[in-house]
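Remarks on the structure that follows.
Remember, it's 1-based here, ligands and their atoms both numbered in the order they're listed. All figures in this text were calculated on a predicted structure; none of them were measured in a lab. Position 1 is the first residue of the sequence, and the numbers go up from there. All values below were derived from every heavy atom in this structure, side-chain atoms included, with hydrogens, water molecules and symmetry-related copies excluded.
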Amino acid sequence: MTRGTTNPNRLRRMDRWITAVHGPTLRRAPRAPGPLAVDLGYGAAPWTAVELLHRLRRVRPDVRVIGVEIDQRRVTAAEPWVRPGLDFVRGGFELPLPGGERPLLIRAANVLRQYDEERVPAAWARLCGRLAPGGLLVEGTCDEIGRRQVWVALGPEGPRTVTFAARLGSLGTPSDLAERLPKALIHHNVPGQRVHAFLRDFDRAWAAAAPYAPLGARQRWLHAVRALATDWPVADTAHRWRQGEVTVPWSALAPRL
Ligand SMILES: C[S@@+](CC[C@H](N)C(=O)[O-])C[C@H]1O[C@@H](n2cnc3c(N)ncnc32)[C@H](O)[C@@H]1O
């Protein structure tokens, strides 16, 4: 299909993490009508929703996706893509889903970055309050072609983790990811704040791992993350480190107010 100006696969890293981490929950969900996922703020074209449907269907073939957009013109433009298991509705953080259904997944990519930071807690609370039991909200930001992504994962109770993901071949240094921090963190990347200390330490670990660079960026990243994990509560999932990801608990990076 023609994708116009939208970059295909922009959210591939985020979706890959979702299917890995949330896949078991999706698989366990009751049958008929199957678990529901929401692509909140899918944008000018519905590609990210179409891609989310395809990716989630690899782990749960009867999953359904509803794209929710605040812009009615974007809902109208998405109509030709409506098909069984894929629909589009106009709405915002209140998620006006048919029958008041609660989704097992909400993915909000590059949406909250458009808002003032003060709006984030209420938006998170509203969205978390709409999740089904065991549900997950993934809220984050990426660059135009998805090489750098950072997202927060939240359960019905609130924020759980922060994940940094990069295409390693094009990464200069880990703090390059700072420009893609979600709204809740980006204004706190200053001395004295935990996220700033984390990225500083990550850069130091990356520099110390430079001797591994001739073996490839992945080897260098793996050594840097292993060093980082001596001082930070990095999730011990080495297979995810290999994908160019690092996840830490939200509490390790949460802004000091
Ligand atoms: C930058 S686009 C992101 C598109 C897509 N999610 C992506 O990452 O490529 C942000 C979209 O969010 C929509 N949006 C902004 N606030 C929203 C809200 N409260 N509820 C639903 N959509 C919203 C905008 O209309 C816009 O289409």
Side-chain angles (χ1 to χ4, degrees), residues 1-19 22 36-56 64-82 86-98 100-103 105-131 135-154 162-167 177 179-186 245:
M1 60 190 163
T2 306
R3 290 182 175 268
T5 56
T6 305
N7 289 298
N9 281 327
R10 183 184 189 195
L11 302 179
R12 184 172 56 89
R13 288 169 211 285
M14 203 179 286
D15 291 351
R16 186 172 62 191
W17 184 87
I18 288 170
T19 53
H22 204 41
L36 177 65
V38 165
D39 186 8
L40 181 71
Y42 55 84
W47 313 134
T48 63
V50 174
E51 289 171 350
L52 183 64
L53 180 73
H54 288 157
R55 288 170 185 146
L56 294 180
R64 296 163 296 137
V65 170
I66 297 184
V68 177
E69 244 298 335
I70 206 156
D71 183 338
Q72 177 59 48
R73 288 166 305 175
R74 296 182 169 191
V75 180
T76 305
E79 276 168 11
W81 301 97
V82 172
L86 181 62
D87 207 349
F88 302 94
V89 299
R90 176 165 186 264
F93 301 132
E94 78 285 5
L95 296 190
L97 302 177
E101 189 175 354
R102 292 178 177 272
L105 171 73
I106 304 169
R107 187 195 61 189
N110 302 298
V111 176
L112 283 180
R113 68 190 297 181
Q114 303 175 337
Y115 288 78
D116 290 338
E117 187 190 351
E118 296 70 43
R119 301 278 304 274
V120 173
W124 276 3
R126 201 151 192 203
L127 292 169
C128 288
R130 295 288 286 113
L131 287 170
L136 195 71
L137 164 64
V138 177
E139 188 273 300
T141 305
C142 70
D143 65 358
E144 284 306 314
I145 55 173
R147 288 177 311 175
R148 293 168 192 161
Q149 314 201 350
V150 188
W151 59 85
V152 181
L154 305 91
V162 185
T163 297
F164 298 78
R167 186 165 83 196
L177 286 155
E179 65 190 34
R180 299 299 157 180
L181 284 168
K183 185 59 100 174
L185 291 173
I186 195 162
E245 290 173 13

For ligand 1, which atoms, with element, lie under 4.0 Å from some heavy atom of [X]?
{"X": "Gly91", "result": "20 (N), 21 (C)"}
{"X": "Asn110", "result": "1 (C), 2 (S), 3 (C), 7 (C), 8 (O), 10 (C)"}
{"X": "Gly43", "result": "4 (C), 27 (O)"}
{"X": "Ala109", "result": "3 (C), 5 (C), 6 (N), 7 (C), 8 (O)"}
{"X": "Leu40", "result": "20 (N), 21 (C)"}

Exactly one of Arg10, Arg107, His54 clears side chain to side chain donor-acceptor pair (under 3.5 Å) with Asp15, and that residue is Arg107
Hey, does [X] come in under 3.5 Å of ligand 1, counting only N/O atoms on both sides?
{"X": "Tyr115", "value": "yes"}
{"X": "Ala44", "value": "no"}
{"X": "Asp71", "value": "no"}

Can you list every salt bridge (charged side-chain N to carboxylate O under 4.0 Å, His left out) pair that touches residues 65-77, not counting sequence neighbours? Asp71-Arg73, Asp71-Arg74
Nearest option to atom 22 (N) of ligand 1, as decided by whichever heavy atom of Leu127, Leu52, Val89, Ile70 sits closest: Ile70
What distance separates Phe88 CZ from Asp39 CG, expressed to the nearest 0.5 Å? 8.0 Å
To the nearest 0.5 Å, how far apart are CE in Met14 and CZ in Arg55? 11.0 Å
Which residues share a side-chain contact (heavy atoms from CB on, under 4.5 Å) with Arg130, sequence neighbours left out: Leu95, Leu97, Arg102
